[in-house]
Amino acid sequence: MSQLQNEKASFDHLLTSSRRRELFQNLGGGSDVFSALPFRTAKCNAETAISQRSIPRANPDHLRPIFDRFASKEIKGKRLMTPEDFIRGYLGLYTEENYNKETVRLLASAADTTKDGDISFEEFCAFEALLCSPDALYLTAFELFDRNASDTISCDEFEAVIRHTQPLHDQDFDFNSEFIKRYFGADKKRNVNYHSFCQLLHDFYEEQGIQAFKKYDKNGNGTISSLDFQQIMTTVKGHLLTDFVRHNLIAVSGGGASGHKFSDTRSGIVTFPYYAAFNSLLAKMELIKRVYVSNARGNLDIEMTKEEFLHAIQSYTQVTPYEVEILFHLSELNHPGRKTLSLKDIQAIDPERLKRVSQMDRLINIKAVHHKDERGIGTAFLESGYRFLLGSIAGACGATAVYPIDLVKTRMQNQRTSGSFVGEVMYKNSLDCFKKVVKFEGLLGLYRGLLPQIVGVAPEKAIKLTMNDFMRDKFTTDGKIPLYGEIIAGGTGGMCQVVFTNPLEIVKIRLQTAGEVQQAGKKIGVMSVLKELGFLGLYKGSRACFLRDIPFSAIYFPAYAHAKLATADEDGMNSPGSLFCSAFIAGVPAAGLVTPADVIKTRLQVAARAGQTTYNGVIDCARKLLKEEGPMSLWKGTAARVCRSSPQFAVTLLTYEVLQRLFYVDFAGSRPTGSELATTKTIQDESSTNPDHVGGYKLAAATFSGIEHKFGLFLPRFETTK
């Protein structure tokens, strides 16, 4: 028999477990598992429908030299790993001299499918595949308990492993209880399969907690002391506790000076309902996070009141008001004097550490300030400078993208139809204007005046975006901003931009309309326009500019913020497409409603030709327009303005927010909503960087750690001194 056939036969022998066989079939092995596994690479990601991890399977050709390097044992020419080779040598765990040998043997048994005390190369490959499974934690735990490779767990096997864990050293457990008999039978002779074992492991520590409560409830009246409560929680339920919760167990249970006096809890006394609610809350923190994130809608700085949270959990019957009461008491202990729940409070309570996930990968990730309390005037100045720079780039991109539309809009608004100028109407409509510009002035004619537009639009858009963000920060409390605050913030941004907008607009308009009538031998450019206008002339029509830009921004920015909420996904995240649509939608009413002010501004700033009506101010211009051209003259170019402003601001805001995500600098201030998601760190986040840990073995150490912290199976690290 060939070596390949021998290895295939050995590998097939490993597949006695029905769950393991199902796993390999899902990985693409089918009935001929060995031929599939060693000689091709499978991906463990969402596309395979077997896992959402993106750890690629390791090629056995890559695993073989790694295995041979760490395997110290050889039998009949076949190299094998001992438990020490695998756990201490290869995975780098329990490297201390006084390591607990039984713990190392027990952990290594997860890969030792035949339970003969050594790990073959086939078993080494099989365990690598197991680690890529989406239920790797439970599968690995099952292999730890299955001590005789029977594919089932007996009561004796379960008890032997449990008694080796640290919690059993601190709090004994009655293995003759009704709980054990319900799983293993009255005579404890029935074995449990993989799925029954998963439920047993899930329920075991709840039962141990109940037994511990009964042990300390000596009078049988359903109460224990706060000190007893602390003892139970730190021993049996230690895997559910963060340092913050661990240090505040006495205070939160009413045993300290700051203890909360619940209706059925006296000072220093913990009732069973409180004990049950407290443990239930810790077990439901994933659901608590889900409720918070759903309500935050992408704004991870928001703080929820108790009433808001109770309203949000109405559809979740598994969360009780008692649990919410305890949650907010812990939150108040985390930040005294504030009766709200924030993301930082959840991070302090939940042992499954949260992380902020950006909607896209960051090219730069700088933390300028570690805590909000460290922010000063200098930090605020740097943050405004950062926003100003990104706003300048975004504004230039937006202006360039829609400049041809803006030129057509300006020429249509400047066209006189009757009474003021004797002559033929030059353009029939916006499309006709576009065609004639291209025909008589060429494609470059569509970009006449672009240079001053780009030079001026950078500070213009930057100051608008920066001032809007700055004012929004001032009106934001606990992550929330009232509607009037949004309107004032937007209006302030529009008002501040006029100092840049007006000179820019008048130069741009003079250049855009210069192509309509060119004087022989005279070329109109930026310098000639500036010389003709002078400094004060650059602010001609500024009142109309205020009249246009303040209402525009007061409408636009609140509409954009609410459109972002409406187009966000279920987690409150805004994709680039969502950002573009939100900015585009917000621009329609904002641009359309301020068109009359834009028409008046254009007429005031355009150089009147011979025979045309001249204007002496906003009111005079409006009166003459109504008299000579009718009410509809105030709405000239509305379509072109909407078609220009909506896509321009869509491109500008999209670029602005994407740049903030790509070039991220944390000033400990407010972040753009919809750009980050709070999610629990996964095993993949703790993957190994050791070059020898390839494929699933990147997750091996994190999986063993997860078994301890998820199930409470804390194994002793050192040998006990007798």
Side-chain angles (χ1 to χ4, degrees), residues 383-407 409-410 447 449-473 486 489-509 511-512 538-539 542 545-561 563-564 576 579-580 582-588 590-591 594 597-598 601 605 641-663 672:
E383 184 177 34
S384 295
Y386 163 77
R387 290 171 173 173
F388 191 92
L389 175 62
L390 299 187
S392 298
I393 299 171
C397 292
T400 303
V402 300
Y403 191 80
I405 302 175
D406 185 54
L407 181 136
K409 183 266 308 182
T410 301
Y447 290 92
L450 176 61
L451 180 60
Q453 175 78 341
I454 292 179
V455 172
V457 83
E460 173 206 336
K461 291 295 185 289
I463 198 168
K464 174 186 283 190
L465 294 170
T466 302
M467 286 304 301
N468 175 68
D469 287 347
F470 178 79
M471 293 301 295
R472 287 181 71 90
D473 290 347
E486 293 183 285
T492 303
M495 179 179 65
C496 292
Q497 82 168 68
V498 173
V499 67
F500 293 100
T501 302
N502 210 83
L504 164 70
E505 288 279 345
I506 194 167
V507 173
K508 179 195 71 173
I509 288 171
L511 291 174
Q512 286 178 337
L538 291 174
Y539 286 91
S542 59
C545 213
F546 278 115
L547 193 62
R548 180 197 64 175
D549 289 343
I550 293 177
F552 176 90
S553 297
I555 296 171
Y556 181 82
F557 286 108
Y560 173 65
K564 280 179 65 178
L579 294 174
F580 185 88
S582 300
F584 191 98
I585 292 169
V588 174
V594 299
D598 192 49
K601 178 195 71 66
Q605 292 180 335
R641 175 169 170 76
V642 170
C643 290
R644 189 269 296 175
S645 293
S646 291
Q648 178 182 1
F649 274 87
V651 172
T652 300
L653 268 297
L654 171 63
T655 305
Y656 183 60
E657 296 227 17
V658 168
L659 287 175
Q660 288 187 79
R661 297 180 185 187
L662 293 176
F663 303 96

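Just so it is clear, the values below take in all heavy atoms, side chains as well, and ignore hydrogens, waters and symmetry mates.
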Residue pair Leu659 / Ile393, side-chain heavy-atom distance below 4.5 Å: yes
Where Ser645 and Ala591 come nearest, the two heavy atoms and their spacing: CB-CB, 3.5 Å
Expected output: side-chain Ser582 to main-chain Ala563 donor-acceptor under 3.5 Å: yes
Side-chain touch Phe388/Leu465, heavy atoms, less than 4.5 angstrom: no
Between Tyr656 and Asp469: side-chain donor-acceptor atoms closer than 3.5 Å: yes
OG on Ser646 to OH on Tyr556, rounded to 0.5 Å: 8.0 Å
Phe470, CZ atom: more than 12 neighbouring heavy atoms under 6.0 Å: no
Whether Tyr447 and Tyr403 hold their rings parallel, tilted or perpendicular, with breakpoints at 30° and 60°: parallel
From CZ (Phe557) to CZ (Phe552), nearest 0.5 Å: 7.5 Å
Close side-chain approach of Lys461 to Thr655, heavy-atom, < 4.5 Å: no
Min side-chain heavy-atom separation Tyr386-Thr466 under 4.5 Å: no
Nearest-0.5 Å distance that lies between atom CG in Asn468 and atom CG in Asp473: 9.5 Å
For Tyr560, ring-ring contact (aromatic ring centres under 6.0 Å, His included) partners two or more places apart: none
Heavy-atom closest contact (Thr652 atom, Ala394 atom, distance): O-CB, 3.3 Å
Met495 and Asp549, any side-chain heavy atoms less than 4.5 Å apart: no
Atom of Gly493, atom of Met467 and distance for their closest heavy-atom approach: CA-CB, 3.9 Å
Passing option when Glu657 is tested against Leu662, Leu579, Leu390 for side-chain contact (heavy atoms from CB on, under 4.5 Å): Leu579
Heavy-atom closest pair, residues Leu653 and Ala583: CB-CB, 3.9 Å
Taking every non-hydrogen atom, the tightest pair across Val594 and Pro551: CG1-CB, 3.8 Å
Side chain Ser392, main chain Ala462, donor-acceptor under 3.5 Å: no
Distance-minimising heavy-atom pair for Ala561 and Glu486: CB-OE2, 3.4 Å
